[in-house]
Each structure stands twice: as C-alpha cells, then as structure tokens.
Peer 1: 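Encoded as structure tokens, here's the structure I'll be asking about.
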Amino acid sequence: MELAAKYNPSEVERKWYQYWDEKGFFQSDPDEREPYVIVIPPPNVTGVLHMGHMLNNTLQDVLIRRARLKGFNALWVPGTDHASIATEAKVVRKLKDEGIEKSDLTREEFLKHAWDWTHKHGGIILKQLRYLGASCDWRRTKFTLDDDMYESVIKVFVDLYNKGKIYRGYRMVNWDPEARTTVSDEEVIYEDEDGKLYYINYPIAGHQGEYIQIATTRPETILGDTAIAVSPENEKYAHLIGKKAIVPIAGREIPIIADDYVDPEFGTGALKITPAHDPNDKEIGDRHGLEIIDIFNEDGTLNEHGLHYQGQDRFEVRKSITEELRQKGFLVKEEPHRHRVGRSERTKAVIEPRLSRQWFLKMKELAEPAIRAVREGEVKLIPKKFENTYFHWMENVRDWNISRQLWWGHRIPAYYYGDGEEDFVVAETPEQALELARQKSGNPGLRLEDLRQDEDVLDTWFSSWLWPITVFDGIRHPENPDFKYYYPTNDLVTAPEILFFWVARMIMAGYEFAGDKPFENVYLTGIVRDKLGRKMSKSLGNSPDPIKLIEQYGADAVRTGMLLTSPAGNDLPFDEQLVVQGRNFANKIWNGFRLVKSWKVDGDDQPDYAREAVRWYRNRFQHVLHQIEDDFAKYRISEALKKIYSLIWDDYSSWFLEMIKPPYGQPVDRKTYEQTLEILENNLKVLHPFMPFITEEIWQHIRPRRDDEALIVARYPEPAPYDKTLVEQAEQVKEIISNIRKIRKEKQIAPKEPLDLTAVINEAFDEALWSLVRKAANVKDIRTGGEAPANSASFRVGKNEFFVPLDAFINPEEEKAKLEEELKYLEGFLASVRKKLSNERFVQNAPAAVVDKERKKEADALEKIALLRKRLEAFGK
RNA sequence: GGGCUCUUAGCUCAGUUGGUUCAGAGCGCUGCCUUGACAGGGCAGAGGUCGGCGGUUCGAACCCGCCAGAGCCCACCA
C-alpha cells in the first residue's frame with residue numbers, strides 16, 4: 001500500500017472515530033472485569049466547546065483509553081447540564097430579540113421555548129467532543145433534566161426536607177435586579193469601583209437645630225432607614241444615644257442606638273441602618289429588634305416606600321435624591337470614595353442585597369463525612385495543595401441557598417394550600433402532596449386545584465451534585481446492577497474553580513445518598529490562558545476555536561500540544577506553537593513508519609547490529625515503561641507524555657531506526673523486520689491514549705487485522721524486568737558515536753568514509769555492542785586492548801579510552817590542550833570530593849552509604865586522572 | 001483584613017525523603033550539515049549567583065525565619 005508523504009489527519013480521524021463508534025468499542029456494560037469509570041463534568045447543554053473543555057476532556061480520554069488498554073472495563077459517561085441561569089438567560093435574550101417578554105408568557109409557554117432551544121442547540125458540544133476523539137459511551141448520555149434525573153432530584157429534596165435539613169427562611173440574599181433572581185455568593189464578583197461618600201445631616205427630634213451626621217455610599221436607601229447606630233465607645237455621640245433622629249425627606253423618627261459594629265474612625269462615626277438592604281444592617285437590626293422597610297421592587301426600582309421616587313430606578317434615585325437633599329440643606333458634602341461593588345457574574349448588574357424568602361439546605365452535618373473523606377485520603381485531591389483550600393471552605397461552610405427565581409430547572413416540590421407561614425407540604429407528586437396537605441390542614445375536602453406549587457426552581461448544582469449517582473439511576477434504584485457495578489467511580493477531572501460548587505457537594509451527596517464516596521481521585525486542571533497570561537474568554541476574543549485547530553492540525557496534535565505542558569493544577573499558557581509541536585511529532589511518527597514500510601524484506605540472516613539494536617531497544621522500552629507507569633500512578637500525565645515523546649523521537653526514530661536501517665538499496669532481513677514491527681506496535685500502544693488516531697491508523701497498516709482487532713482495544717504492554725546494565729552501556733555507545741561524529745565534523749571527514757577505532761578498555765563493556773558503533777558511526781575496524789595509536793584523535797567515555805587514527809594532520813598541541821582541560825576538570829572534581837572526605841564531621845555524620853559513594857568517586861577520579869596523565873606523557877614533556 | 005500557594009534558562013516547567021562538578025528538559029535562539037523517512041529534518045552551541053537576606057547542617061534549589069514580588073480562596077467598614 002502506498003503511504004502519503006505527509007500525514008493527513010482530518011480524513012484519518014473521521015474514519016477511525018466512526019469505526020470505533022460503530023464497533024461499539026466505547027461501550028461498557030457490567031461484566032466480570034474490574035470497572036474503571038469517569039463521569040464527565042457535564043457542560044452546559046447549550047454551550048460550545050472552548051479550550052478549557054479541550055484540556056479537560058483530553059485528560060479524561062487519556063485516562064479512559066489507557067484503562068481500556070490495560071484491560072479494565074472502561075466507561076466514560078457523557079452528558080450535559082441544564083444550567084438554569086445561563087440557559088434561561090439565553091432563552092430570555094432570544095425571545096427579547098423576537099419581541100417577546102418573559103413576563104408575557106406563562107410558565108408552560110416559556111418552558112416550551114426553552115425546550116425548543118435546548119433541542120436545537122443542545123448537545124452541539126457533545127458532537128464536538130467526538131472530533132477530539134472522546135471515547136464516551138454515547139448510549140449512556142444523560143441530561144440533568146431528563147425525566148429520571150428530574151425525579152431523582154425531587155426525591156432527594158423531599159428526603160432532605162423530611163430529615164429536617166431543608167428549611168425555608170428569610171435571608172439577605174444577593175438579588176440580581178436584571179435577571180430578577182437571587183444569585184449565590186459564589187456568583188457575585190466584587191470589584192473596586194469609584195463611588196462617592198455622601199455626608200448627610202439627620203435632625204435630632206425635639207432639639208431644633210441639632211443634627212447627627214452620617215456618611216453613606218447609598219443615599220437612596222435613607223428611605224428605608226430604621227435607626228442610626230454609633231459606637232458605644234464614641235464619646236462624641238454618647239449624649240445622643242436613646243434619642244430620636246428624623247429621616248430627611250421621609251420625615252420618620254428613628255432611634256439612635258449603640259452597637260459595637262460601628263467603627264468610630266470611619267466616616268463620621270455614625271452609621272445609618274437599613275436592615276432591608278444591607279447584610280450588616282440586617283444583623284444590627286436583628287440585635288436591636290428594628291423595623292424593616294424594603295424600598296425596592298424586584299427590578300431595582302423603588303416601591304411605595306420610595307414616596308415620590310416610586311417607580312424610578314435605584315441609580316437614578318441616587319442622583320435625584322442627592323439633589324433634593326442638597327436643596328433642602330441636608331447634604332453636607334460629597335467625597336470620592338473607592339469601594340468594592342458586587343456584580344452578578346451573569347448579567348453584570350450591581351447586586352442588591354435583599355431580604356427574600358428562600359429555601360436553604362443545612363450544610364454542617366453534610367460536610368462532616370466529606371471533610372473526613374479527604375482528610376483520611378479516601379478521596380484524593382490532585383494536586384494536594386487544593387486540600388488546604390478545601391478544608392478551609394468546608395470547615396466554614398454556610399447553609400446553601402438552593403432556590404432560584406427561575407423557571408428552567410427542577411421545580412421545588414413544595415405545595416401551598418393556604419396563606420399561613422406553615423400552610424405548605426413537601427412531596428414527590430401532587431397526589432402525595434394532597435394527601436399530606438389534607439392531614440396537615442385537617443381539611444379532608446382539599447382538592448388538587450387548591451394546591452399551588454412553589455414557583456421557584458432549584459439551583460443547578462442541586463442536580464449536578466448527584467451526577468455520579470444519578471447517571472446510574474442510583475437514587476431511584478440503588479440496587480440496580482449498573483449502580484452496584486460502576487459506583488463509586490474512579491477519577492474526576494475538573495477545574496479548580498468549581499471545587500466548592502460541585503466537587504465538594506458531590507462528595508457530600510455521595511456519602512449522604514449512596515453511603516460511599518463518589519470517586520477516588522479528583523484531578524484538578526488549570527485554567528487555559530493566552531500567551532499574555534489572560535484567561536481565555538469570549539469577550540476578549542483571545543480564545544482560538546478548538547474545532548478550527550483540530551481541522552488545521554489534527555486532534556492528535558491538539559491533544560498532544562495541550563498536554564505537553566500542563567501539570568495538574570497549573571495554568572496552561574496556550575500557544576499555537578505547542579500544537580505545531582504536536583503536529584510535527586505526528587509527522588515524525590508517520591515518516592518513521594514510511595521508512596520501515598519502504599524497505600524490501602528478504603533473507604534470514606540478521607546482522608549483529610540489528611540483533612543488538614533490538615536487544616537494546618526492548619530493554620530501553622521497558623525502562624521507560626516503568627517510568628511511565630510511575631508517572632501515571634502519580635497523575636503526572638504531562639511527564640508521562642514527555643517521556644513517550646522522547647522515547648519515540650530520540651530512542652526509536654533517531655537511534656533504533658538508524659541502527660537497523662539496511663545499507664542503501666538493500667533489503668532488511670525478515671527477523672529484524674518482524675521485530676521492528678513488534679517494537680512499533682508497543683510504541684503505538686503506549687502512545688495511543690494521547691494520540692489515538694495516528695496510532696490506530698499505523699496499527700492498521702502494520703499488518704492485516706481482524707475486524708475486532710483494533711488498537712483501541714489491544715493489550716497494553718506489561719512492565720517486565722529489564723537489563724539495566726545494558727541500558728546504561730547503550731548510553732555509552734551513544735556517547736561514543738557522538739564523539740566520533742564530532743571528530744568527523746572537526747576534521748571534515750564525510751560520514752560515508754569509514755574510520756577505524758582503537759579502544760582501551762579499563763572497565764567492563766559489553767563487546768556485543770561494538771556492532772552498533774560500527775553501524776552508526778561507520779567504523780570499519782575496532783581494535784581493543786592494544787596501545788594508543790599515534791596520530792589519532794582521542795576521547796574518553798567513562799574510564800574507557802578511544803582513539804581514531806587519522807591520515808590527516810593531527811595538531812598535537814590541540815590534542816594536548818583537550819587532555820589538559822579534561823584533567824583540570826577532573827582535578828577540580830577530585831579536590832571537591834577530597835574536601836568532603838577530609839572533613840571529619842562529614843565522615844562522622846553522613847550516612848555510610850553517602851561516604852562510600854564519595855570514596856568511590858575519589859577512586860574513580862584518581863583512576864581517570866592517571867589515565868589522562870599517561871596520555872599526556874605520550875606527548876612528551 | 002484573614003488564610004493558602006508559588007518565585008529555577010528568553011518562554012513553559014522538571015528537580016520525587018537535604019548527598020555525584022547538580023544546576024536539567026521541551027520550545028525558542030545562534031552556527032553548521034543535508035541528493036536515500038521527515039527542511040515539519042540532523043548535528044553542535046550559547047543562556048540561570050535556583051527572587052533577596054539571614055539561619056540550621058559536615059553539606060541547602062530542597063529545611064527554618066524575615067523581606068520583596070505573583071497568584072488563588074475566604075470575609076467585605078458604611
């Protein structure tokens with residue numbers, strides 16, 4: 001078969017992906033083998049693939065493919081997340097573009113739009129993953145809003161409610177007035193922004209002409225003031241405590257109270273208290289039993305408490321009320337003030353702290369087994385440095401606000417039957433709710449129509465924290481064979497920024513609902529950044545399109561490029577150059593294969609050099625294989641790839657192939673050819689997890705294969721004992737060859753011209769390896785044991801000396817200078833060793849093995865020095 | 001403000017319980033080579049007082065302290 005001179009990835013990749021998929025090689029079902037399982041971190045259902053996904057999913061695919069090759073029953077479960085806030089925002093925007101407001105639609109109508117959108121755009125990302133080579137079992141694709149998933153989420157909610165872990169409470173939450181929903185603390189981004197500090201006089205009631213001055217950044221909230229607080233230590237205001245102040249414009253009287261929270265040094269030392277609109281004020285309000293006046297509507301405009309400002313936006317009111325305060329003489333001054341402002345991660349709107357009735361999940365008890373699991377190593381975070389952060393967060397965990405004022409998601413299964421605070425029940429179905437409601441209300445006449453289900457949905461993470469369980473239907477049917485076989489899973493690969501949103505909560509859910517950890521190892525990737533170190537983002541436009549990269553360079557190249565330099569937990573500064581390197585590597589492999597395939601195969605006599613090259617490479621392969629196994633055991637995946645890269649590029653291509661290459665135009669013997677193919681097959685096996693496509697392509701070209709005999713399901717090479725000495729001596733052979741090449745270069749002797757070599761052997765050397773020197777350095781005759789020939793260039797490797805006799809003129813001064821330089825180095829080395837050895841405290845304190853090593857170094861150096869001296873004598877003087 | 005992590009070659013990173021003259025790799029850079037797999041190749045080379053200062057030790061890139069710089073997490077003084 002004719003092989004193209006250049007490797008063409010796009011055709012090859014499509015072909016093999018389809019083949020693997022059709023043959024069912026990605027599929028897994030329980031059997032007697034040991035399972036190896038990864039669940040995908042489900043991407044947003046309407047998302048598109050970005051570089052972060054690429055890194056993440058490449059790592060997962062490497063782990064899965066390797067496990068598959070190693071004989072595990074490997075399963076990678078794919079799926080998507082409904083991502084309530086993000087998806088709902090997209091649908092709302094799209095409807096808006098069509099002139100439809102969400103508020104004009106019923107819940108059912110809106111959900112229909114959302115589902116249409118999901119069906120249209122959903123799963124694009126999963127298709128894109130196929131281009132990357134992701135070997136997921138696509139039959140098992142899950143979506144967090146699938147019926148069974150939905151049911152599981154509701155079941156869990158009801159369960160937690162019945163256990164008393166879910167409660168309803170009023171709480172200061174982060175309100176996004178644009179999305180008209182609460183957002184979690186984690187979804188609020190604080191940044192320093194320029195604002196103003198307004199100094200305002202509040203008249204003291206009953207004391208004409210007396211004022212207390214406060215400083216605030218939010219003058220519009222004075223309409224919600226219900227107190228003024230000062231520090232109890234503050235003598236300046238001591239006489240006012242207990243008196244009343246009058247809120248400007250509103251004209252209400254409010255108490256002046258003392259509270260430790262107030263910093264007497266900041267502003268005026270007096271703080272206006274607006275419990276409805278500031279978390280700290282809320283706490284102070286609770287302590288002093290203050291009234292709560294909420295002045296805002298859901299969209300950030302003022303309500304009836306805003307008096308004549310009713311209906312205006314909070315930021316407009318800030319301007320106009322400042323003006324009114326100025327005109328009426330309450331405003332003393334304004335100062336520029338830089339302070340932290342919280343904005344919604346999604347809409348960028350300034351967050352409004354707001355009291356709202358929400359559902360909460362008590363976290364403290366849930367966190368305990370999850371803390372223990374990581375502390376005791378039952379679940380390992382990789383790299384370990386994230387454990388500190390994990391513990392810090394978990395030990396200070398706060399209750400989780402699980403309700404969201406959205407429609408797209410799992411609707412909270414609470415049903416109200418009256419207007420009282422407690423007139424509700426929680427149940428999996430309306431029918432069960434009715435039953436409960438009849439009991440609780442004592443009214444057997446209640447009908448389904450009398451029940452109103454809570455309007456809110458659950459936080460997205462409240463479904464994804466169950467992901468490793470629900471993908472196997474482990475909530476509804478804990479005894480089902482899939483769940484029993486696959487759970488707990490093995491590795492999770494995800495980004496550190498969702499360690500708390502997701503990973504920590506999955507660990508909690510695992511112990512709470514499955515009685516076991518959800519996974520054993522959590523591999524945390526870094527963030528993919530651009531060359532300038534900026535996070536890749538759509539708005540910056542600095543993120544390459546992964547699909548274009550794949551089209552241009554091939555998926556193998558992109559995978560390799562991303563993994564070459566991304567140790568766990570480290571950010572990956574992405575540079576297209578890395579992908580180029582990956583592509584070059586693919587081409588190198590391809591051409592190495594072309595070379596082998598171009599040889600005519602004939603004859604049964606294996607030359608010595610070929611026999612020795614095979615012997616060496618097999619041992620060298622084992623040597624590297626052991627290192628790779630160790631790297632994988634420690635999840636040093638980049639390191640493993642680099643070692644394979646070097647094994648194939650340097651050891652295999654540059655050395656092995658050059659060594660066995662038959663003389664030009666001549667055939668290679670059958671044995672060497674067969675052994676080379678076998679060696680190549682082993683190379684392909686270890687490389688396959690990283691570069692699945694090109695390895696499969698070459699694998700299939702090597703020899704005819706049965707239909708089910710693909711590389712993807714081949715058997716990984718077993719680590720076996722190997723000859724360490726041989727591997728080391730081969731390194732010396734490489735050094736000898738390099739030295740001869742260097743001499744050729746210096747003396748301008750063409751590689752074609754054969755040379756002779758005289759070796760003076762002072763330490764053991766495997767004579768069989770001479771054949772390699774002959775072949776690779778084009779040496780005709782090797783004499784050993786004799787004396788150093790005159791007029792020759794020399795070099796030393798270890799304690800052995802080598803001489804290349806030359807017809808050309810050898811400058812004795814140059815040779816001498818070279819020897820003297822080597823001698824100087826060795827003498828320096830010897831001096832440093834002796835300095836150590838002559839230090840009594842070293843000899844006394846250092847471990848015996850270290851001292852022995854130093855003595856051996858001393859002896860070796862002495863020997864080498866003696867040799868050099870002898871050579872120098874030969875030059876006279 | 002509190003906590004955590006990091007700082008090694010131009011860039012990205014190794015350096016695995018302190019012990020070879022230990023200062024490494026890849027990429028990039030420089031020079032040379034190249035009609036027989038691959039110019040997307042080969043060979044050779046340059047480059048760092050291991051952030052700074054001090055300490056512990058016979059011995060420190062590695063352990064300890066302080067300082068400087070970078071990043072992450074948490075809390076958010078109106």
Side-chain angles (χ1 to χ4, degrees), chain A residues 3 5-7 185 190 197-198 214-218 221 229 261-263 265-274 278-281 337 339-340 342 383 385-393 396 496-497 499-500 527 531 533 564-567 569-575 577-578 580-581 583-599 630 634 636 638-639 642-643 645-646 653-654 657-658 661 663-665 738 741-742 744-746 751 825-826 828-833 835-847 849-851 853-854 856-857 860-861:
Chain A
L3 296 175
K6 259 189 185 171
Y7 176 63
D185 292 343
Y190 289 93
L197 200 52
Y198 303 86
I214 58 94
T216 180
T217 53
R218 303 199 58 194
T221 62
Y261 172 78
V262 183
D263 173 4
E265 303 299 318
F266 189 90
T268 64
L271 174 63
K272 75 185 202 64
I273 305 298
T274 322
D278 184 282
N280 295 309
D281 290 10
H337 179 66
H339 64 138
R340 291 175 80 69
K385 65 178 178 184
F386 287 106
E387 290 184 359
N388 281 326
T389 336
Y390 176 86
F391 290 131
H392 188 258
W393 191 78
N396 298 291
E497 62 238 56
L499 187 57
F500 306 124
I527 297 167
K531 268 193 272 189
L564 268 173
T565 175
S566 47
N570 277 33
D571 285 357
L572 163 60
F574 182 80
D575 185 342
Q577 182 57 40
L578 289 165
V580 171
Q581 195 182 344
R583 182 202 55 189
N584 292 354
F585 184 42
N587 205 51
K588 182 79 185 173
I589 298 165
W590 184 249
N591 275 294
F593 180 58
R594 277 181 63 217
L595 172 68
V596 174
K597 273 286 169 181
S598 73
W599 295 333
D630 184 53
K634 294 172 179 152
R636 294 154 51 116
S638 277
E639 289 298 311
K642 282 184 207 170
K643 279 173 192 140
Y645 180 93
S646 163
S653 302
S654 302
L657 288 183
E658 290 301 329
K661 201 187 242 180
Y664 182 61
S738 283
R741 284 179 184 163
K742 213 190 275 179
R744 283 183 186 278
K745 201 172 161 183
E746 275 164 18
Y825 172 89
L826 277 171
F829 177 75
L830 180 66
S832 80
V833 173
K835 193 177 156 201
K836 253 190 215 176
L837 284 170
S838 64
N839 185 334
E840 266 176 51
R841 281 181 297 182
F842 169 72
V843 182
Q844 270 172 21
N845 297 330
V850 173
V851 178
K853 225 164 151 187
E854 291 300 314
K856 174 146 194 330
K857 272 153 64 180
D860 283 357

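All values derive from a computational prediction rather than experimental measurement. Values reported hereafter were calculated over all heavy atoms of this structure, with side chains retained and with hydrogens, waters and symmetry mates removed. Here is the naming used below: chain letters follow the sequence lines, and residue numbers restart at 1 for every chain.
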Peer 1: In whole angstrom, give the distance that lies between atom CD of A:E639 and atom C1' of B:G15.
Peer 2: 9 Å
Peer 1: Please state the C1' separation for the pair B:C11 and B:C77 - nearest whole angstrom.
Peer 2: 43 Å
Peer 1: Measure NZ/A:K856 against C1'/B:U21 and give the value in whole Å, please.
Peer 2: 16 Å
Peer 1: Does the side chain of A:N280 come within less than 4.5 Å of A:I273's, by heavy atoms?
Peer 2: no
Peer 1: Respond yes when some side-chain nitrogen or oxygen of A:N584 is under 4.0 Å from OP1 or OP2 of B:G41, and no when none is.
Peer 2: yes
Peer 1: With the side chain of A:K588 defined as its heavy atoms from C-beta on, choose the nearest nucleotide among B:U21, B:C74, B:A37.
Peer 2: B:A37
Peer 1: Side-chain contact test, heavy atoms from C-beta onward, threshold under 4.5 Å: evaluate it for A:L271 versus A:Y261 and give yes or no.
Peer 2: yes
Peer 1: Could you write out each protein N or O paired with an N or O of nucleotides 2-6 of chain B at a distance under 3.5 Å?
Peer 2:
unit_1, atom_1, unit_2, atom_2, d
B:C4, O3', A:N388, ND2, 3.1

Peer 1: Can you give me the closest heavy-atom contact between A:T268 and A:A215, atom names plus distance?
Peer 2: OG1-N, 3.8 Å
Peer 1: How would you label the contact of A:V596 with the nucleic acid (heavy atoms, under 4.0 Å): base, sugar-phosphate, or nothing?
Peer 2: nothing
Peer 1: Less than 4.5 Å apart, side chain to side chain, heavy atoms only: is that true for A:D860 and A:K856?
Peer 2: yes
Peer 1: Could you check how far CG of A:L564 sits from P of B:A25, rounded to whole Å?
Peer 2: 16 Å
Peer 1: Rounding to the closest angstrom, what is the interatomic distance between B:G47 and B:G24 at atom P?
Peer 2: 12 Å
Peer 1: Would you name the heavy atoms of A:V850 and A:F842 that are closest together and state the gap between them?
Peer 2: CG1-CZ, 4.0 Å
Peer 1: Would you indicate which nucleotide in B:G19, B:C74, B:C38 comes nearest to any side-chain atom of A:F842?
Peer 2: B:G19
Peer 1: Measure from the side-chain N and O atoms of A:S832 to the backbone N and O of A:F829, and report whether any donor-acceptor pair falls under 3.5 Å.
Peer 2: yes
Peer 1: Does the base of B:A37 carry an N or O that pairs as donor and acceptor with the side chain of A:E658 under 3.5 Å?
Peer 2: yes
Peer 1: Do A:K836 side-chain and B:C58 base share a donor-acceptor contact under 3.5 Å?
Peer 2: no
Peer 1: Taking B:A23 as the reference, what is the distance to B:A70 when you measure between their C1' atoms (whole Å, please)?
Peer 2: 24 Å
Peer 1: For the pair made of CG in A:N280 and P in B:A75, what is the distance, rounded to whole Å?
Peer 2: 13 Å
Peer 1: Toward the 5' end of RNA chain B, which comes first, A:P279 or A:L595, by nearest nucleotide?
Peer 2: A:L595
Peer 1: Rounding to the closest angstrom, what is the interatomic distance between B:U49 and B:G42 at atom C1'?
Peer 2: 35 Å
Peer 1: Say you pick atom C1' in B:C64 and the same atom in B:G18; how far apart are they, in whole Å?
Peer 2: 13 Å
Peer 1: So, is A:T216 near the phosphate of B:A78, with a side-chain N or O under 4.0 Å from OP1 or OP2?
Peer 2: no
Peer 1: Looking only at atom P, what distance separates B:G54 and B:G2, rounded to whole Å?
Peer 2: 28 Å
Peer 1: So what does A:S638 hit on the nucleic acid, given a heavy-atom distance under 4.0 Å: a base, only sugar-phosphate, or nothing?
Peer 2: nothing
Peer 1: Tell me which nucleotide among B:C58, B:U16, B:A78 gets nearest to the side chain of A:K634.
Peer 2: B:U16
Peer 1: side-chain contact (heavy atoms from CB on, under 4.5 Å) between A:K835 and A:N839: does it pass, once the steps are laid out?
Peer 2: CA-CA 6 Å; A:K835 193 177 156 201; A:N839 185 334; over 6 Å; no
Peer 1: Please find the pair of heavy atoms, one from A:A861 and one from A:L830, that lie closest to each other, and give the distance.
Peer 2: CB-CD1, 4.0 Å
Peer 1: Check whether any side-chain heavy atom of A:E854 sits under 4.5 Å from a side-chain heavy atom of A:V843, and report yes or no.
Peer 2: no
Peer 1: With under 30° as parallel and over 60° as perpendicular, where do the rings of A:Y7 and A:W590 fit, or are they tilted in between?
Peer 2: tilted
Peer 1: Select from A:R741 and A:T217 the residue whose nearest nucleotide in RNA chain B is closer to the 5' end of that strand.
Peer 2: A:R741
Peer 1: Between A:K643 (NZ) and B:A14 (P), how many Å, whole number?
Peer 2: 12 Å
Peer 1: Check RNA chain B for consecutive Watson-Crick or G-U pairs with both distances under 3.5 Å and list the runs of at least three as stems.
Peer 2: B:1-7 with B:68-74, B:10-13 with B:24-27, B:29-33 with B:41-45, B:51-55 with B:63-67
Peer 1: Would you mind telling me which of B:G15, B:C22, B:A44 lies closest to the side-chain atoms of A:S738?
Peer 2: B:A44
Peer 1: Output the distance between atom CG (A:L572) and atom CG (A:L578), rounded to the nearest 0.5 Å.
Peer 2: 7.0 Å
Peer 1: B:G19 P sits how many Å from A:E854 CD, rounded?
Peer 2: 12 Å
Peer 1: For B:G65, decide between syn and anti, treating a glycosidic angle within 90° of 0 as syn.
Peer 2: anti
Peer 1: Given B:C58, B:G15, B:A78, which nucleotide is nearest the side-chain atoms of A:Y261?
Peer 2: B:A78
Peer 1: Between the protein and nucleotides 27-34 of chain B, are there any N/O to N/O pairs under 3.5 Å, and if so, what are the atom names and distances?
Peer 2:
unit_1, atom_1, unit_2, atom_2, d
B:G28, OP1, A:Q577, NE2, 3.4
B:G31, N2, A:K745, NZ, 3.4

Peer 1: Considering non-hydrogen atoms only, spot the tightest contact between A:F500 and A:T389 and give its length.
Peer 2: CZ-O, 3.5 Å
Peer 1: Say we look at B:U5 and B:U20: how far apart would their P atoms be, to the nearest angstrom?
Peer 2: 27 Å
Peer 1: Does A:R583 reach the side chain of A:V580, with side-chain heavy atoms less than 4.5 Å apart?
Peer 2: yes
Peer 1: Could you give the distance separating B:G1 and B:G52 at their P atoms, to the nearest angstrom?
Peer 2: 26 Å
Peer 1: Please find the pair of heavy atoms, one from A:D281 and one from A:K272, that lie closest to each other, and give the distance.
Peer 2: OD2-O, 3.4 Å
Peer 1: Between A:K661 and B:A37, is there a contact of a side-chain N or O with OP1 or OP2 at under 4.0 Å?
Peer 2: yes
Peer 1: Write down the distance between CG (A:L837) and P (B:U20), rounded to a whole number of angstrom.
Peer 2: 14 Å
Peer 1: Provide, to the nearest angstrom, the distance between the CG atom belonging to A:L826 and the P atom belonging to B:U20.
Peer 2: 17 Å
Peer 1: Which part of the nucleic acid, if any, lies within contact of A:F585, taking any heavy atom under 4.0 Å across all strands shown: a base, the sugar-phosphate backbone alone, or nothing?
Peer 2: nothing
Peer 1: Would you name the heavy atoms of A:K588 and A:S653 that are closest together and state the gap between them?
Peer 2: CE-CB, 3.7 Å
Peer 1: For the side chain of A:K857, counting heavy atoms from C-beta on, which of B:U21, B:G36, B:A37 is nearest?
Peer 2: B:U21
Peer 1: Please determine, for the side chain of A:K642, which listed nucleotide (B:G19, B:U21, B:C13) has the closest atom?
Peer 2: B:C13
Peer 1: Look at all strands and tell whether A:R636 reaches a base, only sugar-phosphate, or nothing, counting heavy atoms closer than 4.0 Å.
Peer 2: sugar-phosphate
